[in-house]
Amino acid sequence: MKKLTALLAVFVLAVGLLAAGCGGGDKKAADGKDPILAKDELIVGTEPSFAPFEFPKKNSEELTGFDIELIQALAKDMGYKKATIKSMGFDALIPAVNTGNLDVGMSGFTITEERKKQVLFSQPYYKAGLGLVVRKENTDVKSVDDLKGKTVAVQLGTTGALYAEKLKDKGVTVKTFNTSDLACMELKNKGADAVISDKPVLQYFLAQGGSGYAKMIGTGLTTEDYGIVVSKKHPQLQAALDKSLDNLKKNGEYDKLYEKWFGEKPAK
């Protein structure tokens, strides 16, 4: 009888522990909340050679830029204790988000229909577009129509690269590089006649010394919206990002960051 009582006690204890374990471990799932929103840390992926959006501080491995400061402000508003930034190649960011190695990707991602087949996007946080730069002494290229027979440098996996690919039928040679910086370096070294990249990135490049050998052609090739990349498995995370972005726009924090990095207030 004592043995039976002891066994019964063990059984009741085991059931109690199992129930407690289920209650604790599955609470996040049970209340319907996305586990990513319950974490203390938001893991953010970026390709850190896209100034002024994301790039290393001078003489440091620490990253800075509009995207970096904006995602840190968003993470704080969403209740995270910190946002951890991970660097990787641009074309690796979406796969990393979809496999769960990153919570979000933020690296000047243009919202496109093709990308929307793979991932979710936050609401647009920056209006951009593609630009075209050539060497200062170049008088042949006055528009994209003058690129026939020319070599264009672009960053791999970007909308600039997609745009340039369509020019191949017009006799344009396209060179791809891992970063926009390397594409611009190819222009400096006279290995390319032009660079097609995001206009604000090219403007920053010119302002930081690139104007010594390069110039912008025209007012822009396209208009595009940037968004934060989220896995389709996490629509609640997408909604939370949108809510916090609205909050930052209402409280003035977004405008402060925009003016800091672009020297003007965002268009309303």
Side-chain angles (χ1 to χ4, degrees), residues 27-29 31-58 60-111 115-116 118-128 198 200-201 204 225-262 265-266:
K27 184 176 185 301
K28 294 169 187 173
D31 64 14
K33 187 174 183 179
D34 189 326
I36 291 180
L37 294 174
K39 299 193 307 173
D40 292 331
E41 177 185 31
L42 183 70
I43 308 299
V44 183
T46 194
E47 194 285 294
S49 60
F50 203 63
F53 294 93
E54 41 269 324
F55 61 101
K57 290 182 178 179
K58 190 174 182 179
S60 172
E61 293 184 359
E62 186 179 354
L63 300 182
T64 188
F66 179 68
D67 280 0
I68 302 301
E69 293 195 359
L70 180 58
I71 197 63
Q72 289 170 339
L74 287 169
K76 182 178 180 180
D77 187 81
M78 293 165 71
Y80 291 101
K81 291 183 178 179
K82 65 175 181 176
T84 297
I85 313 297
K86 293 189 174 183
S87 301
M88 60 181 64
F90 185 81
D91 55 341
L93 290 170
I94 285 180
V97 168
N98 282 335
T99 56
N101 291 324
L102 299 172
D103 296 328
V104 300
M106 193 170 186
S107 195
F109 272 102
T110 300
I111 301 172
R115 286 174 178 161
K116 284 164 71 173
Q118 305 175 61
V119 293
L120 299 174
F121 279 98
S122 70
Q123 63 171 286
Y125 69 87
Y126 185 86
K127 185 167 289 295
D198 290 58
V201 173
Y204 189 81
D225 290 322
Y226 288 171
I228 304 168
V229 171
V230 180
S231 168
K232 287 190 174 184
K233 298 175 184 177
H234 301 289
Q236 288 186 26
L237 178 59
Q238 176 198 39
L241 283 165
D242 284 348
K243 181 179 179 181
S244 285
L245 191 52
D246 285 337
N247 290 343
L248 296 189
K249 289 180 177 179
K250 288 176 183 176
N251 66 25
E253 182 68 17
Y254 175 87
D255 284 9
K256 288 180 182 178
L257 290 175
Y258 194 103
E259 193 166 7
K260 172 183 176 180
W261 287 104
F262 304 109
K265 292 185 178 180

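These numbers come from the heavy atoms of this one structure, side chains and all, not from hydrogens, waters or symmetry mates. Note that this is a predicted model, so its numbers are computed, not measured.
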Restricting to non-hydrogen atoms, name the atom on [X] and the atom on [Y] that form the minimum distance, rounded to 0.1 Å.
X: L245; Y: P124; value: CD2-O, 4.0 Å
X: G45; Y: L93; value: C-CD2, 3.5 Å
X: E253; Y: A73; value: CG-CB, 4.4 Å
X: L42; Y: A75; value: CD2-CB, 4.1 Å
X: S122; Y: I111; value: O-CD1, 4.0 Å

Do [X] and [Y] make a side-chain contact, defined as non-hydrogen atoms from C-beta onward lying under 4.5 Å apart?
X: T46; Y: M106; value: no
X: V230; Y: V97; value: no
X: F53; Y: W261; value: no
X: Y254; Y: L74; value: no
X: I94; Y: F109; value: yes
X: I68; Y: F55; value: no
X: D246; Y: Q123; value: yes
X: F121; Y: V229; value: yes

Please round to the nearest 0.5 Å and tell me the distance separating atom [atom1] of [X] and atom [atom2] of [Y].
X: K243; Y: Q238; atom1: NZ; atom2: CD; answer: 14.5 Å
X: L70; Y: E54; atom1: CG; atom2: CD; answer: 10.5 Å
X: K76; Y: L248; atom1: NZ; atom2: CG; answer: 10.5 Å
X: L102; Y: S231; atom1: CG; atom2: OG; answer: 11.0 Å
X: L120; Y: K233; atom1: CG; atom2: NZ; answer: 12.0 Å
X: D255; Y: K260; atom1: CG; atom2: NZ; answer: 14.5 Å

Less than 3.5 Å apart, any donor N or O on the side chain of E47 or S49 sitting next to an acceptor on the other?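 Yes, because at least one side-chain N or O of E47 sits under 3.5 Å from a partner of the opposite role on S49.
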Do D198 and Y226 get their side chains close enough for a donor-acceptor pair, meaning under 3.5 Å?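 Side chains of D198 and Y226: pair found under 3.5 Å.
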Quick one, R115 with T110, criterion side chain to side chain contact (heavy atoms under 4.5 Å, CB included). Give me CA distance, side-chain angles, the key distance, then yes/no. CA-CA 9 Å; R115 286 174 178 161; T110 300; 3.7 Å; yes
Can any side-chain N or O of D67 pair as donor or acceptor with the backbone N or O of G108 at less than 3.5 Å?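 Between the backbone of G108 and the side chain of D67 there is a qualifying donor-acceptor contact (under 3.5 Å).
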Counting only N and O atoms by type, is there a donor-acceptor contact under 3.5 Å from the side chain of T99 to the main-chain atoms of A96?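 Here the side-chain-to-backbone pair exists.
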Do F66 and Y204 have ring centres separated by under 6.0 Å?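 No, the ring centres sit 6.0 Å or more apart.
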Output a table of donor-acceptor pairs, distance under 3.5 Å, between side-chain atoms of residues 78-87 and any protein atom two or more places apart or on a different chain; print 'none' if there are none.
{"residue": "Y80", "atom": "OH", "partner": "I36", "partner atom": "O", "Å": "2.8"}
{"residue": "T84", "atom": "OG1", "partner": "E41", "partner atom": "OE2", "Å": "2.3"}

